[in-house]
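Only one structure is covered here, and it is reproduced in the block below.
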Amino acid sequence: MDEIFGLTKPLWEIGLRATVVYIALLLLVRLVPKRNAGQISPNDLLTVIVIGGIGTEAIMGGSTSVGDTLLLIAIVVAWAYLLDALEYRIPAVQKLLRHRQTMLIDRGRMIRPNMRRELVTEQELMAVLREEGIDDVALVKSACLEADGEISVIRKDGSPPPR
């Protein structure tokens, strides 16, 4: 029973490994374009991925004990909570960890460098405008790729989209 639930590595090593890998993966996931991440933050996405990977290892009966696995999951969840709390309290941390909106159209003109950086094609942008009942970019006050990956549109005349 002790070999199942006991720790196979020192507590400090499990904590250090979990922390280093989590932060490294968080930095890598932060590079995922917001269009691919969707409505989940990089921190939340990473937490789900890492816990899934750890859980799979535990279920498959890998080389670590259940105690090691539970401790790793607890550390990942603690880091996720801590980073969420820091994002809430410290705007600089939120800027570092969360995607921001990107302007794609400003006063009727496409901002092509931003479109290129966010990998949004003119065809994709025009499709969103058509969904909003707009057939000419000149009728758009602004369009932004939001942090959740959706494109929001504000008409020049301020009228709501046709439904």
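In this structure, CH2 on Trp79 lies 12.5 Å from CG on Asp84, to the nearest 0.5 angstrom. Separation of atoms NZ (Lys156) and OG (Ser142) is listed at 11.0 Å; rounding is to 0.5 Å. Here Leu82 contributes atom CG and Ile75 contributes atom CD1; the two are 13.0 Å apart, rounded to the nearest 0.5 Å. The structure places CD of Gln101 at 12.5 Å from CD1 of Ile151, a figure rounded to the nearest 0.5 Å. Interatomic distance, OG1 of Thr102 versus CE of Met115, reported as 12.0 Å (0.5 Å rounding).
Remark: Val140 engages Ile105, Leu129, Ile134, Ala143, Val153 in a side-chain contact (heavy atoms from CB on, under 4.5 Å) (not counting sequence neighbours). Applying the side-chain contact (heavy atoms from CB on, under 4.5 Å) criterion to Asp136, with sequence neighbours excluded, gives Ala138, Leu139. Pro10 is linked by a side-chain contact (heavy atoms from CB on, under 4.5 Å) to Trp12, Glu13, counting only residues two or more places apart in sequence or in another chain. Residues satisfying the side-chain contact (heavy atoms from CB on, under 4.5 Å) criterion with Arg130, sequence neighbours excluded, are Met126, Ala127.
When all heavy atoms of Cys144 and Met103 are compared, the closest pair comes out as SG-SD, 3.8 Å. Across all their heavy atoms, Glu87 and Gln94 have their closest contact at O-CB, 3.7 Å.
Ile111 and Leu125 are assigned to two separate hydrophobic clusters, defined by single-linkage of ILVMFWY side chains at heavy-atom distances under 4.5 Å. In this structure, Leu16 is not a member of the same hydrophobic cluster as Leu71, with clusters built from ILVMFWY side-chain heavy atoms closer than 4.5 Å.
Side chain of Glu124 to backbone of Thr121: a donor-acceptor contact under 3.5 angstrom is found.
For residues 108-117, the pairs satisfying side-chain hydrogen bond (donor to acceptor under 3.5 Å, both in side chains) are Arg112-Glu122, Asn114-Arg117, with sequence neighbours left out.
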